[in-house]
There are 2 protein chains.
Amino acid sequence: MTPRRSSRLGAVDWVDAALGLVTAEGVRGVKIARLCDELGVTKGSFYWHFADLDALWEAMATRWQEINRLRVTELHGLAEMAADARLIALSTMLISDSHLTVEKAIRDWARSNEKVAETVRNIDSEIFDVVDGTLQELAMTADQARLLAGLLVYAGIGYIHAHVGLPTPTPEDLQHARSGLILSGAD
Amino acid sequence: MTPRRSSRLGAVDWVDAALGLVTAEGVRGVKIARLCDELGVTKGSFYWHFADLDALWEAMATRWQEINRLRVTELHGLAEMAADARLIALSTMLISDSHLTVEKAIRDWARSNEKVAETVRNIDSEIFDVVDGTLQELAMTADQARLLAGLLVYAGIGYIHAHVGLPTPTPEDLQHARSGLILSGAD
DNA sequence: ACCTGAACACCGTTCAAGT
DNA sequence: ACCTGAACACCGTTCAAGT
């Protein structure tokens with residue numbers, strides 16, 4: 001299906017193909033046989049590049065962290081953008097459909113693989129830091145920022161899993177939530 | 001392992017055993033062979049009670065919804081409890097460890113089974129309604145209540161999946177968030 | 001260094017036969 | 001009505017052999 005530059009494969013090719021499969025069909029779509037079809041090789045080839053399926057997922061998680069970090073710093077680097085608008089752009093990105101699918105799949109796998117779980121925790125705290133930092137620019141106290149950031153990040157993760165069936169919060173809703181907290185006095 | 005009242009099994013016995021397995025070992029722990037060991041029967045017996053694994057999970061999801069609803073209405077029925085305290089009790093319950101494990105497992109399965117997914121959506125909106133209603137008792141406008149309820153429920157679901165590695169919000173934090181939103185003016 | 005092909009183990013599923 | 005036991009299919013994993 002996907003044509004390749006050289007006749008032989010590298011681990012990256014497998015990871016990319018797997019990430020593609022996840023996007024298209026979810027966790028349970030990632031079968032070694034399917035990947036082999038996609039890449040035009042046999043199963044034995046897979047086991048040359050990876051010890052087992054767990055190793056594949058670990059590589060996928062690591063690659064996903066990189067992709068994620070690139071996108072986030074790219075957004076965050078837009079210094080000319082108001083902190084306000086950056087927040088909205090960030091949440092819009094995190095909530096896009098293909099992003100959601102991959103993210104959920106990796107989190108699914110994290111349950112049975114501690115290394116993937118650790119990568120996921122890293123991704124989460126990277127996002128948390130960015131949100132937390134941006135909120136502090138918005139004239140919030142450090143305490144308020146941490147609290148809202150926590151709520152928002154958890155809400156974002158929740159949205160990843162449950163975005164069907166519950167009302168989707170609009171960017172304006174987030175604005176409301178933020179301005180609400182800003183107005184609140186200490187304690 | 002678990003002694004039974006009668007010599008023969010009902011579907012309920014399988015569902016309960018499966019729910020137990022999930023709690024102990026997560027989604028991937030639920031293997032038919034393991035269940036058979038637990039119940040002292042052979043695989044053929046399983047297929048007498050269920051068409052396949054999917055059917056088991058559908059039954060588990062339905063049973064979980066009942067359990068969930070019982071707990072929630074029980075809490076909500078405590079009319080003498082302040083709306084405030086009820087909210088905290090509710091979130092404390094939803095965040096308990098065994099609850100989290102089952103909940104996440106069922107949500108995992110929901111991805112590949114539309115019937116389970118629907119049950120999960122029902123559970124979510126039942127929770128949403130309770131939170132929404134309780135918030136309205138707290139002198140919030142309907143709009144504010146819907147918004148905060150949405151944020152809280154999503155955050156709760158997010159917490160289900162990511163509660164390791166991120167700071168855990170305390171009940172007091174939720175109080176803060178609520179009072180913050182109450183103070184916020186219209187629009 | 002990278003891949004094939006055939007084998008094996010594990011687990012979901014089926015089914016004829018038992019009580 | 002509920003269960004056994006043996007068979008089969010699918011898929012992850014291994015490995016000797018090829019280029």
Side-chain angles (χ1 to χ4, degrees), chain A residues 1-22 24-61 105-106 108-113 115-116, chain B residues 1-22 24-61 105-106 108-113 115-116:
Chain A
M1 195 102 227
T2 325
R4 239 147 308 97
R5 42 232 163 196
S6 92
S7 52
R8 292 288 163 106
L9 304 172
V12 195
D13 297 297
W14 288 93
V15 173
D16 285 347
L19 248 17
L21 253 186
V22 162
E25 313 181 13
V27 220
R28 293 167 105 189
V30 182
K31 302 257 194 279
I32 295 177
R34 286 283 279 110
L35 282 170
C36 292
D37 286 352
E38 213 81 18
L39 295 170
V41 288
T42 58
K43 292 196 204 172
S45 172
F46 173 85
Y47 286 93
W48 169 258
H49 296 283
F50 301 93
D52 52 21
L53 254 186
D54 265 315
L56 209 216
W57 279 97
E58 288 165 13
M60 289 166 68
I106 291 179
D108 284 352
W109 202 266
R111 176 147 219 315
S112 60
N113 181 308
K115 224 171 160 189
V116 174
Chain B
M1 195 102 226
T2 325
R4 238 147 309 96
R5 44 237 161 190
S6 91
S7 52
R8 293 287 164 107
L9 303 173
V12 195
D13 297 297
W14 288 92
V15 173
D16 285 347
L19 247 19
L21 253 188
V22 163
E25 314 180 14
V27 220
R28 294 167 105 191
V30 182
K31 303 259 193 277
I32 295 177
R34 287 282 279 111
L35 282 170
C36 292
D37 285 352
E38 213 80 20
L39 296 170
V41 289
T42 59
K43 292 195 203 172
S45 172
F46 173 85
Y47 286 95
W48 169 257
H49 296 282
F50 302 93
D52 50 21
L53 254 186
D54 265 315
L56 209 216
W57 278 98
E58 288 165 14
M60 288 167 69
I106 290 179
D108 284 351
W109 202 265
R111 179 154 213 314
S112 59
N113 182 310
K115 225 171 160 189
V116 174

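Since we're looking at a predicted model, the values are computed, not measured. Letters A, B, ... are given to chains in the order of the sequence lines, protein chains preceding strands, and every chain is numbered from 1.
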Q: Grab the CZ-C1' distance between A:Arg28 and D:dC11 for me, whole Å please.
A: 14 Å
Q: Searching all strands shown, indicate the nucleotide that pairs with C:dA6 (Watson-Crick or G-U wobble; both distances under 3.5 Å).
A: D:dT14
Q: Grab the NZ-C1' distance between A:Lys31 and D:dA9 for me, whole Å please.
A: 13 Å
Q | Nearest-Å distance for atom pair CH2/P, residues A:Trp57 and D:dT13 | A | 13 Å
Q. Picking from D:dT13, C:dC3, D:dC3, which would you name as closest to the side chain of B:Ser45?
A. D:dC3
Q. Which atoms form the tightest heavy-atom contact between B:Asp52 and B:Phe46, and what is the distance?
A. O-CZ, 3.8 Å
Q. Nearest-Å distance, CG (B:Leu39) to P (D:dT4)?
A. 11 Å
Q.
Rounding to an integer number of Å, can you tell me how far A:Asp37 CG sits from C:dT4 P?
A. 12 Å
Q. Quick one: A:Asp13 CG to C:dC3 P, roughly how many Å, whole number?
A. 9 Å
Q: Provide, to the nearest angstrom, the distance between the CG atom belonging to B:Leu35 and the P atom belonging to D:dC3.
A: 14 Å
(Q) Heavy atoms from C-beta onward define the side chain here; which of D:dT4, D:dT13, C:dT4 lies closest to that of B:Thr42? (A) D:dT4
Q: Classify the side chain of B:Lys43 versus the base of C:dG12 as yes if they form a donor-acceptor pair under 3.5 Å and no if they do not.
A: yes
Q: Could you pull out the closest heavy-atom pair between B:Ala59 and B:Val15, with the gap in Å?
A: CB-CG2, 3.7 Å
Q: Give the rounded distance in Å between these two atoms: CD1 of B:Ile32 and P of D:dC3.
A: 15 Å
**Q.** B:Ala61 to B:Val116 - nearest heavy-atom pair and separation
**A.** CB-CG1, 4.0 Å
Q: Establish, with yes or no, whether the OP1 or OP2 oxygen of C:dT14 is under 4.0 angstrom from a side-chain nitrogen or oxygen of B:Tyr47.
A: no
Q | N/O (side chain, A:Trp48) to phosphate O (OP1/OP2, C:dC3) under 4.0 Å | A | no
Q. Considering every strand shown, what is the Watson-Crick or G-U wobble mate of D:dA1 when both distances are under 3.5 Å?
A. C:dT19
Q) Looking at B:His49, does any N or O in its side chain come under 4.0 Å of the phosphate oxygens OP1/OP2 on D:dC3? A) yes
**Q.** Minimum-distance pair of heavy atoms, taken over all atoms of A:Val30 and A:Leu21
**A.** CA-CD1, 4.2 Å
Q | Atom of A:Glu58, atom of A:Lys115 and distance for their closest heavy-atom approach | A | OE1-CD, 3.5 Å
